S.K.: 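Here it is, the structure, as structure tokens.
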Amino acid sequence: MVSLEPPGSHRNSGNAGAETGFLDRLISLRRELHRHPELSEQEERTAGLICSFLEDLGISHRAGVGGYGVVAQVDGRNSGPVVALRADIDALPIGEETGLPFASATDDVMHACGHDGHTAMLMGAAILLRERPPPNPVRLLFQPAEERGTGARRMIAEEAIEGVSAIFGGHLDVNHPVGALVVTEGVVNSASDYFTIYIKGKMGHGARPHEAVDAVVVGSSLVSALQTVVSREVNPADPAVLTVGSFNAGSAENVIAGSAILTGTIRTLDPEVRRHLCDSVVRMATAAGRLYGCGVDTEVREGNPPVINAPAMTELARRAAVEVVGRTNVLRMRTPNMGSEDFGRYLERIPGCYIRYGGLTAGSDPSPAHSSRFDFDERALAVGARWLDTVARLAAQELAR
Ligand code: NI
């Protein structure tokens, strides 16, 4: 379904050299970012690179927004409604095993989610917007700390989207071929919440259980009980996940553990299901404490809201995608992604659309995001940059009507 010519080139068939030059520039920016990944809330060098890039282009910007965030604005021909484009810039605590010549130079830190690509795409959009001024101003958000879920919230608190009427962004996806853009209306990413359960039993001798309250037994029973929340309490038509990700207890084979700590995550699409799952964790943990006669404390922490694409903005995103890759390369997600994404924080305040950029090389066997061998087809960079540029122009026009 994807043509093997450089993606986006059908628009510039008379100008293939310039197109190749543009892609090459984005590839070298991406590789520079990839080689020097930085964890959430530590993106100092990355932000410096972005700032000097923007300075070279003569684009005004503000650094240090919500941590190491950078907010830039490209002037438009008019001062009408401002459209924002967002890329996340942080990396993950993973040791890279791709063997690529531009692999991470930092031990145990890797751009394993493609945020280096997103950053290069937004830089590409900056080049295009600067070359040909958009109808109205375009705000560029280079957002830190997406992986930790704190970046969007902090940038919003520091007025990054003040005066913005609509926002667009996207994520690389190696489940879809390079040259494809995946545009889907409604919920595209789940909400995420986190819980920690502290079980306080009574430590004792492994041979004399009657003198102790065994936190391992209480915890095990609770882990099993929690599996019935999604399977027995939630409408099967409503997607939901409850995972206990860690269970720490005990110190020796002949000692009854006096305490245990369980942590986990909840992923949901519907606000009511979300509330139900959070409440159920507390209810079951409290009940387990009562059942076995021990103390149980539960903490539920709110993560990201779901990412919900507004219908009108999705339509604009789709029109822009058709313009960039042609109708047959514009796809739709079959099911929402149960991973979370803090782009939803912007969409709680302003309408917008979050899409997926196909990044799969035809015939290859891709490693998933958040794995040590993750990589994507770099031709996606020019496709993403052109889509960002196009959707900003289209939205500026439509919103000014
Ligand atoms: Ni990501």
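Note that these values count all heavy atoms, side chains included, but never hydrogens, waters or copies made by symmetry. Atoms within a ligand are numbered from 1 in the order they appear, just like the ligands themselves. Values in this document were obtained by computation on a predicted structure and should not be read as measured data.
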S.K.: Got a sec, which residues hit salt bridge (charged side-chain N to carboxylate O under 4.0 Å, His left out) with Asp75, two or more places apart in sequence or on another chain?
M.R.: none
S.K.: ring-ring contact (aromatic ring centres under 6.0 Å, His included) with Tyr346: which residues, sequence neighbours excluded?
M.R.: Phe343
S.K.: With a 4.0 Å cut-off, would you call Arg62 and Glu159 a salt bridge?
M.R.: no
S.K.: How long is the span from the CG atom in Leu388 to the NE2 atom in His118, to the nearest 0.5 Å?
M.R.: 10.0 Å
S.K.: Please list, chain by chain and in numerical order, all residues satisfying ring-ring contact (aromatic ring centres under 6.0 Å, His included) with His34, sequence neighbours excluded.
M.R.: Phe102
S.K.: Thr265 side chain to Thr243 main-chain N or O, any donor-acceptor pair under 3.5 Å?
M.R.: no
S.K.: Near the Ni ion (ligand 1), which protein N/O/S atoms fall under 2.8 Å?
M.R.: Cys113 SG, His115 NE2, His171 NE2
